Amino acid sequence: MPEKNAFFRALSSWIGYRSTSVEFDVQERTEGESKWSTWSLIKYAVTNVVAFSTAPMQFVTVAGIFTFLFAIVLGIESLVRYFTGHAVEGFTTVILLILIVGSLIMMSLGIIGYYISKIYEEVKGRPKYLISKKAGKRK
């Protein structure tokens with residue numbers, strides 16, 4: 001694989017060959033300390049999730065949709081308060097603008113992020129299929 005940030009565990013399962021597990025007891029470290037800090041492990045986990053999933057991009061889109069639905073509900077409530085005379089002056093306009101524009105921006109970012117993730121998948125250059133055996137004459 002031509003990837004620079006390859007996550008071996010995920011790539012080995014992605015390939016699809018038969019696999020097995022080997023159980024062993026992890027020994028306590030006898031000397032020194034691990035060079036992996038908590039922050040390094042978090043960065044490693046984020047890198048691996050991003051390399052094999054578009055879920056973070058889809059999360060932004062879904063959050064934008066929920067924010068938009070919330071904006072509609074709160075907008076209806078604000079309009080009802082406005083027309084019944086119980087609204088604070090200027091609050092209705094400001095809250096509607098902020099909620100609707102904010103949710104549209106979130107949905108737009110999610111859609112743009114999805115396109116970027118598709119470009120990223122293409123740039124990685126993973127093959128569409130793997131050949132485990134060749135049949136026929138050898139040259």
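If you're wondering where the values come from, they're calculated on a predicted model, not measured in any experiment.
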*To the nearest 0.5 Å, how far apart are OG1 in Thr67 and CE in Met106?*
4.0 Å
*Search all heavy atoms of Gly64 against all heavy atoms of Ser103 and return the closest pair with its distance.*
O-CB, 3.6 Å
*Could you tell me which residues satisfy side-chain hydrogen bond (donor to acceptor under 3.5 Å, both in side chains) with Thr84, sequence neighbours excluded, listed by chain and number?*
His86
*asked:* If hydrophobic clusters are built by linking Ile, Leu, Val, Met, Phe, Trp and Tyr wherever their side-chain heavy atoms come under 4.5 Å apart, do Val62 and Met107 end up in the same one?
replied: yes
*Once you round to the nearest 0.5 Å, how far does CG of Leu104 lie from CD1 of Ile65?*
11.0 Å
*Would you please name every residue forming a side-chain hydrogen bond (donor to acceptor under 3.5 Å, both in side chains) with Ser40, sequence neighbours left out?*
Ser37
*Quick one: hydrophobic cluster around Ile105, which other residues, with the 4.5 Å side-chain cut-off, linked directly or via members?*
Val60, Val101, Leu109
_Connected via hydrophobic side-chain network under 4.5 Å: Phe66 and Phe68_ = yes
*Can you get from Ile111 to Ile119 by hopping between Ile, Leu, Val, Met, Phe, Trp and Tyr side chains that sit under 4.5 Å apart?*
no
*Does the distance from a Lys or Arg side-chain N to an Asp or Glu carboxylate O, for Arg81 and Glu77, drop under 4.0 Å?*
yes
*In Å and rounded to the nearest 0.5 Å, what is the CG to CG distance from Leu69 to Leu99?*
12.0 Å
_Ile72 vs Ile100 side-chain heavy atoms within contact, under 4.5 Å_ = no
